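To start, the structure under review is shown below, and the notes come after it.
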Amino acid sequence: MSESEKKKAQAAANKPAVFGEDIDLNKYVGAAELPPYQPDPSRLPARVKEDMLQSGVILDDSSQRSGTYIQMDNAPIHSSIRQEGIEVMPVSQAREKFDWFADYWWRAVAVDTDKYTAGVEIGQHDGYFIRALPGHKTELPVQACLYLSKARLAQKVHNIIIAEEGSELHIITGCTTALHEDPGIHMGVSEFYIKKNAKVTFTMIHSWSPEIAVRPRTGVIIEDNGVFLSNYVLMKPVHSLQMNPSAKCVGENATVRFNSVLIALPGSNLDVGSRVLLDAPKSRTEIVSRAITTGGNITARGYIEGNAPEVKGHLECRGLIMEGNGIIYAIPELKGTLAGIDLSHEAAVGKIAEEEVEYLMARGLTRQEAAATIVRGFLHVDIAGLPPMLGEQLKHAIDTSEKDVM
Amino acid sequence: MLEIQNLSVTVEDREILHGVDLTVGDGETHVLFGPNGAGKSTLLMTIMGFPKYRVTGGRIVLDGQDITSLPVDERARLGIGMSFQRPPVVRGVKTREMMEACLKEKGDGETVTNLAAKADLSDFLDRDINYGFSGGEIKRSELMQLMAQRPHLVLLDEPESGVDLVNIALIGQLMNDLLQKDCPMRQRRCMGLIITHTGHILNYVNARTGYVMIDGRIGCGADPHEILATVKEKGYEECVRCLLRNTPEGKVC
Ligand SMILES: Nc1ncnc2c1ncn2[C@@H]1O[C@H](COP(=O)(O)OP(=O)(O)O)[C@@H](O)[C@H]1O
Ligand SMILES: [Mg+2]
């Protein structure tokens, strides 16, 4: 956009991220040929639709969604809305359409955070723009799919999500790939702006493959009485995934909740955290993460900072090592900068307790059933605030992952 | 019929039970008394089949079948069910799920809702199993799960401990339901073996025989009310003396 942002991005083009493996971006190619626009996404190839469905994106029944955005590699191939008061379009289009657009561009995420944010700014980019107008509430979710299909591609995405005052927006994002053995990288910047009395639920399902690197960069700004509820599920193997979305409560009574469910199959390297800055009085947060490894490595981070009176935060991080030589490294961090705040955490890493398995077996479950029941229970975080349909879908995604684990 | 023959059990390299004999006939309920640490829970855990309780001698026979080396879940499916003295908390697994799993095996038209109402635990179905339950709630939840399982050998480990006076009658009711006490003896197949530390439960459940276990040995197959009276009056010391006389040669108390 502006010259200064381009300049900052250039300066940060080789800046490694604070966490995670440093990926050599030169291994990847920039542009893919542009796929054609698809006015009716139900006519996409069956295999593509199946991949997308796995990550929660429904294309055959548009009545279940209030809007849809699909990006194939680096090009938007579809965007549509079915409900008044909601806007869904490529960011490239929103930039042309709204003169205030620049107020939301690189305002929740710094362009020079690292080489991945810089890369998104420098390279060709598009992404989704989703906005709920003041007072408008969606019941059906807006869905967005980011699909990586070309081998060796660097997919660069920049999303802007705005919930205007008093609005309510439910979003489900599925990120997935057609690639099975080929490498590729997904770099995704997402900036959320949650205005006074607005609520956003953001459910993201990732389904990658063993040679893919993934570097999402997310920033959230929440104003007075705003609510941001994020649910993240990672299923399927992924070569390297590092993200540490950061939410900043700038208004009184702002609420943030991050739930994440991570499965590390052999060969997966995950470094996933959530950061919340409680900068306004009475703002509060809960971070809940569940990590299971069957041989992959997981670093599960959580960071809460309390900088205002009467803030409250809790961090819960639990890891389960199923077998083999997987590693779970849980790093819960709390920082308080004044009296009268209330921050706490609990972290536990271990294997399935034999005592619990035997207890269930004494009720007639086989060892396998007992272990599966315990794993399923471990993965099901209590999700309040999601519309029932999304809750069901999230549950389905988690159940699918459970099968990979058992 | 449950026959326990000369059973010796070792836990973590220490022999806890030393040659225990016990027989429970069809339709009968027996009660086991004894001081803390005597090995009462060990006996029940061994009958249920937990691997940590290693049988080093003797055998357990249920309805003619030697079950001494069967895994826990197979015993459960043969109709053995146990309420635990201190069951573990299972985070993330809802009590309802557990109940449904227990009922699935049976399918006799009973419902989770019904059983929860009986046990006064309707509000607990959507809570993690035993998580944050009070002592009495744990006991009721254990009995409720057993009612879903409908075992024909019911093992109850101190079902009344930690239960207040109001709830003890309810516990008694649930136990009688489990043990088919309203069914005439001749038709009743259900067997019960109940550990009681205090004996309170005798006011609610009609038990045929009582035993005292001390230091991993069992004696005194007698009227449970008489045993209780003796223990109350003279303490377990009297039973120790009695058990000392109970040498391997002459097993009469
Ligand atoms: N799982 C166990 N691990 C180690 N020791 C045990 C275990 N279970 C029982 N014991 C020991 O066995 C003895 C008998 O215990 P228990 O059967 O629980 O007695 P009771 O139920 O009669 O109070 C005690 O000394 C106890 O410490
Ligand atoms: Mg005991």
Side-chain angles (χ1 to χ4, degrees), chain A residues 231 233 259-263 288-292 314 316-322 330 346-384 388 391 394-395 398-399 401-402 405-406, chain B residues 44-53 70-107 126-131 138 141-151 153-155 157:
Chain A
N231 292 296
V233 180
N259 294 324
S260 40
V261 174
L262 312 170
I263 319 278
V288 176
S289 94
R290 296 280 187 272
I292 291 195
H314 184 69
E316 180 188 307
C317 188
R318 296 209 282 141
L320 197 56
I321 301 171
M322 294 294 289
E346 56 180 297
V349 176
K351 62 181 173 62
I352 298 185
E354 183 60 17
E355 193 196 9
E356 295 174 24
V357 174
E358 288 175 359
Y359 180 55
L360 300 199
M361 287 172 72
R363 300 277 180 249
L365 280 70
T366 63
R367 174 167 289 278
Q368 183 76 10
E369 287 166 346
T373 302
I374 292 168
V375 167
R376 201 181 319 122
F378 175 85
L379 290 175
H380 279 172
V381 291
D382 284 321
I383 354 158
L394 195 61
K395 203 157 169 279
I398 291 168
D399 288 346
S401 323
E402 175 222 318
V405 172
M406 293 311 299
Chain B
L44 258 54
M45 298 296 266
T46 308
I47 298 171
M48 193 69 238
F50 291 99
K52 203 166 170 187
Y53 299 79
L70 280 188
V72 184
D73 55 324
E74 287 183 32
R75 294 191 205 197
R77 268 174 266 131
L78 280 181
I80 305 182
M82 173 163 179
S83 106
F84 291 69
Q85 187 178 2
R86 275 180 294 269
V89 168
V90 190
R91 288 293 297 273
V93 179
K94 305 294 174 205
T95 307
R96 181 189 301 282
E97 266 180 86
M98 194 69 212
M99 289 292 288
E100 280 162 359
C102 292
L103 270 180
K104 200 178 65 186
E105 307 277 314
K106 294 285 156 194
D126 293 313
R127 285 173 55 173
D128 292 0
I129 299 173
N130 301 327
Y131 184 62
I138 286 182
S141 163
E142 288 288 297
L143 293 178
M144 174 177 75
Q145 290 171 49
L146 283 183
M147 281 161 60
Q149 254 182 294
R150 278 278 159 220
L153 172 59
V154 180
L155 308 171
D157 196 345

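Each chain gets a letter, A, B and so on, in the order the sequences are listed, and its residues count up from 1. Excluded from the calculations below are hydrogen atoms, water molecules and symmetry mates; all remaining heavy atoms, backbone and side chain alike, are included. Just so we're clear, the structure is a prediction, and the values are computed from it rather than from any experiment.
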Checklist entry - So which heavy atom on B:Asp73 is nearest to which on A:Leu365, and how close? => result CB-O, 3.1 Å

Item to check | Stepwise side chain to side chain contact (heavy atoms under 4.5 Å, CB included) test for B:Met98 and A:Leu360 | outcome: CA-CA 8 Å; B:Met98 194 69 212; A:Leu360 300 199; 3.3 Å; yes

Next on the checklist: Shorter than 4.5 Å, heavy atoms on both sides: which option in A:Glu356, A:Arg290, A:Glu354 has the most such pairs with chain B?
Outcome noted: A:Glu356

Proximity breakdown for [X] and chain A, heavy-atom pairs closer than 4.5 Å:
| X | result |
| --- | --- |
| B:Arg75 | neither |
| B:Lys94 | side chain |
| B:Leu146 | side chain |
| B:Asp126 | neither |

Checklist outcome for this item: Applying a strict 4.5 Å limit to non-hydrogen atoms, the region of A:Leu379 in contact with chain B is neither

Item to check | Residue part contacting chain B, namely of A:Arg318, when any heavy atom lies under 4.5 Å | outcome: side chain

Checklist entry - Take atom CD in A:Glu346; do more than 12 heavy atoms of anything else shown fall under 6.0 Å from it? => result yes

Item to check | Contact check, side chains of B:Pro88 and A:Glu358, non-hydrogen atoms, under 4.5 Å | outcome: no

Checklist entry - To the nearest 0.5 Å, what is the distance between NZ (B:Lys52) and CD (A:Glu355)? => result 7.5 Å

Item to check | Point-to-point distance, once rounded to the nearest 0.5 Å, from CG of B:Asp128 to NE2 of A:His380 | outcome: 12.5 Å

Checklist entry - side chain to side chain contact (heavy atoms under 4.5 Å, CB included) with B:Ala76: which residues, sequence neighbours excluded? => result B:Met48, B:Gln149

Who wins among [options] for the most heavy-atom pairs under 4.5 Å with chain A?
| options | result |
| --- | --- |
| B:Val72, B:Val89, B:Leu78 | B:Val72 |
| B:Ile129, B:Val93, B:Ile80 | B:Val93 |
| B:Pro71, B:Gly81, B:Pro51 | B:Pro51 |

Checklist entry - So which of B:Glu142, B:Glu100, B:Glu97 actually passes salt bridge (charged side-chain N to carboxylate O under 4.0 Å, His left out) with A:Arg363? => result B:Glu142

Next on the checklist: Listing request: all ring pair (Phe, Tyr, Trp, His ring centres under 6.0 Å) pairs with a residue in residues 349-373 of chain A, at least two apart in sequence or in separate chains.
Outcome noted: A:Tyr359-B:Phe84

